Amino acid sequence: MTPEPIIRPMVGADLPAILTIEEATYHEPWTEGIFRDCLRVGYTGRVLEVASATGEAAGLAGYGLLSAAAGECHILNLCTAPDQRGRGVGRLLLRALLAEGRLAGAEQAFLEVRPSNAAALGLYQAEGFETVGVREGYYPAEAGREDAWVLRRELVGRNPGG
Ligand SMILES: CC(C)(COP(=O)(O)OP(=O)(O)OC[C@H]1O[C@@H](n2cnc3c(N)ncnc32)[C@H](O)[C@@H]1OP(=O)(O)O)[C@@H](O)C(=O)NCCC(=O)NCCS
């Protein structure tokens, strides 16, 4: 049988698996302390795991974090395991986070992304985000700094799942 993906709240016990994915992905990965701080202050963390038909957990396929306040929400982190990319995990997690933002009263969602990150840009644009600004030199890069594009999506009047 095809394993069913399960999206559930991120908890402290997920951090070792999250850090493994984080460190395999980024030159400057978030530390355990940053994730713990996010959970402590009440940001919305979600993980996606794939369980077998018998309920056996098969590890984390991805995770994301979102903050919501004052009618806005921000995607702070969204990452899928390198061996799970291109299977729809990122889209499921993004939609789950946006649904939580909407429940928290957010009317718009924002995020920052490197313009060189074709996979992330492809996902966000496919999910209705539009570029609304540039933060110059926002990210560290191998040769100096790289800009961030600021992307926005309306949540009101739209189904976050579509
Ligand atoms: C960006 C990321 C989260 C996407 O997750 P994913 O699980 O691979 O993406 P999905 O399989 O859900 O793809 C959803 C859509 O994203 C787009 N997409 C995904 N990979 C892409 C790629 N390599 N190039 C262009 N578009 C891509 C497509 O529109 C895709 O839809 P389609 O499959 O119907 O064409 C993942 O590549 C990742 O973790 N990257 C490293 C961390 C990162 O860059 N996070 C974002 C920081 S802002």
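This chain uses plain numbering: 1 for the first residue, then up along the sequence. As the structure is a computational prediction, the values presented were derived from the model and not from experiment. Counting convention: from 1, in listed order, for ligands and their atoms alike.
There is a path of hydrophobic side-chain contacts, each under 4.5 Å, that joins Trp30 to Val47.
Rounding to the nearest 0.5 angstrom, the gap separating the CD1 atom in Ile7 from the CG atom in Leu97 is 8.0 Å.
A donor and an acceptor atom, one from each side chain of Arg85 and Thr25, are located under 3.5 Å apart.
Among all heavy-atom pairs drawn from Pro5 and Leu48, the shortest one is CB-CD2, 4.0 Å. When all heavy atoms of Pro115 and Ala148 are compared, the closest pair comes out as CD-CA, 4.5 Å.
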Pick out the protein N or O atoms lying less than 3.5 Å from any N or O of ligand 1, and list each pair with its distance.
unit_1: ligand 1; atom_1: 7 (O); unit_2: Gly90; atom_2: N; d: 2.8
unit_1: ligand 1; atom_1: 8 (O); unit_2: Gly86; atom_2: N; d: 2.8
unit_1: ligand 1; atom_1: 11 (O); unit_2: Gly86; atom_2: N; d: 3.4
unit_1: ligand 1; atom_1: 11 (O); unit_2: Arg87; atom_2: N; d: 3.1
unit_1: ligand 1; atom_1: 11 (O); unit_2: Gly88; atom_2: N; d: 2.7
unit_1: ligand 1; atom_1: 12 (O); unit_2: Gly90; atom_2: N; d: 3.3
unit_1: ligand 1; atom_1: 12 (O); unit_2: Arg91; atom_2: N; d: 2.9
unit_1: ligand 1; atom_1: 16 (O); unit_2: Leu123; atom_2: N; d: 3.4
unit_1: ligand 1; atom_1: 31 (O); unit_2: Arg91; atom_2: NH1; d: 3.4
unit_1: ligand 1; atom_1: 31 (O); unit_2: Arg91; atom_2: NH2; d: 3.1
unit_1: ligand 1; atom_1: 34 (O); unit_2: Arg91; atom_2: NH1; d: 3.3
unit_1: ligand 1; atom_1: 39 (O); unit_2: Thr80; atom_2: N; d: 2.8
unit_1: ligand 1; atom_1: 39 (O); unit_2: Thr80; atom_2: OG1; d: 3.2
unit_1: ligand 1; atom_1: 39 (O); unit_2: Arg85; atom_2: NE; d: 3.4
unit_1: ligand 1; atom_1: 44 (O); unit_2: Asn117; atom_2: ND2; d: 2.6
unit_1: ligand 1; atom_1: 45 (N); unit_2: Tyr26; atom_2: OH; d: 3.3
unit_1: ligand 1; atom_1: 45 (N); unit_2: Leu78; atom_2: O; d: 2.7

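Phe110 and His74 have parallel rings, their planes meeting at less than 30° on a 0 to 90° scale where 60° marks the start of perpendicular.
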